[in-house]
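Since the structure comes first, as structure tokens, the remarks are kept for the end.
The first residue in the sequence is number 1, and the count goes up from there.
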Amino acid sequence: MLLIDGGEINPIFQQESNNLNIRNGVGILQNGELIFAMSKAEINFYNFAKLFKEYGCKKSSLFRWFCF
């Protein structure tokens, strides 16, 4: 799921959402470098996306870890 597309937060995310979880994701900066982030506390999608936007990411996506 894209958090950021074209430098803008995905419009489906609501700033006041109560959908809180530990989240991790990856963002792409304008120069092509990657940023990886993982929250230490529960956070909603909007605020997690906002982090990537503040770093200047043009695209960002949730990253899912699968443990077996």
For the side chain of [X] and the backbone of [Y], is there at least one donor-acceptor N/O pair under 3.5 Å apart?
X     : Y     : result
Asn44 : Ser17 : yes
Asp5  : Lys59 : no
Asn21 : Arg23 : no
Ser60 : Ile4  : no

Going hydrophobic residue to hydrophobic residue with side-chain gaps under 4.5 angstrom, can you get from Met1 over to Tyr46?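 Yes, Met1 connects to Tyr46 through the hydrophobic network.
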Could you state whether Ile22 and Leu51 fall into the same hydrophobic cluster, counting links through intermediate Ile, Leu, Val, Met, Phe, Trp or Tyr residues with side-chain heavy atoms under 4.5 angstrom apart?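 Unlinked, Ile22 and Leu51 end up in two clusters.
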Aromatic ring centroids of Phe13 and Phe45 under 6.0 Å?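 Centroid separation for Phe13 and Phe45: below 6.0 Å.
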Between [atom1] on residue [X] and [atom2] on residue [Y], distance to nearest 0.5 Å:
X     : Y     : atom1 : atom2 : answer
Phe48 : Asn24 : CZ    : CG    : 6.0 Å
Asn47 : Glu42 : CG    : CD    : 13.0 Å
Asn19 : Ile43 : CG    : CD1   : 11.5 Å

Testing the basics here: between Ala37 and Phe52, what is the closest heavy-atom pair and its distance to 0.1 Å?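 Where Ala37 meets Phe52 most closely, the heavy atoms are CB-CZ, 3.7 Å.
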Heavy-atom pair with the smallest gap, counting every atom of Leu29 and Tyr55: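 In this case the closest contact between Leu29 and Tyr55 is CD2-O, 3.3 Å.
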Are any of the side-chain heavy atoms of Leu3 and Asn10 separated by less than 4.5 Å?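 Of all side-chain heavy-atom pairs linking Asn10 with Leu3, none is under 4.5 Å.
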With sequence neighbours left out, write down each residue that passes salt bridge (Lys or Arg N to Asp or Glu O under 4.0 Å) with Glu8, or none if nothing qualifies.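 Only Lys53 meet the salt bridge (Lys or Arg N to Asp or Glu O under 4.0 Å) criterion with Glu8.
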Could you walk me through whether Ile28 and Cys57 pass the side chain to side chain contact (heavy atoms under 4.5 Å, CB included) test, one step at a time? CA-CA 5 Å; Ile28 304 171; Cys57 292; 5.9 Å; no
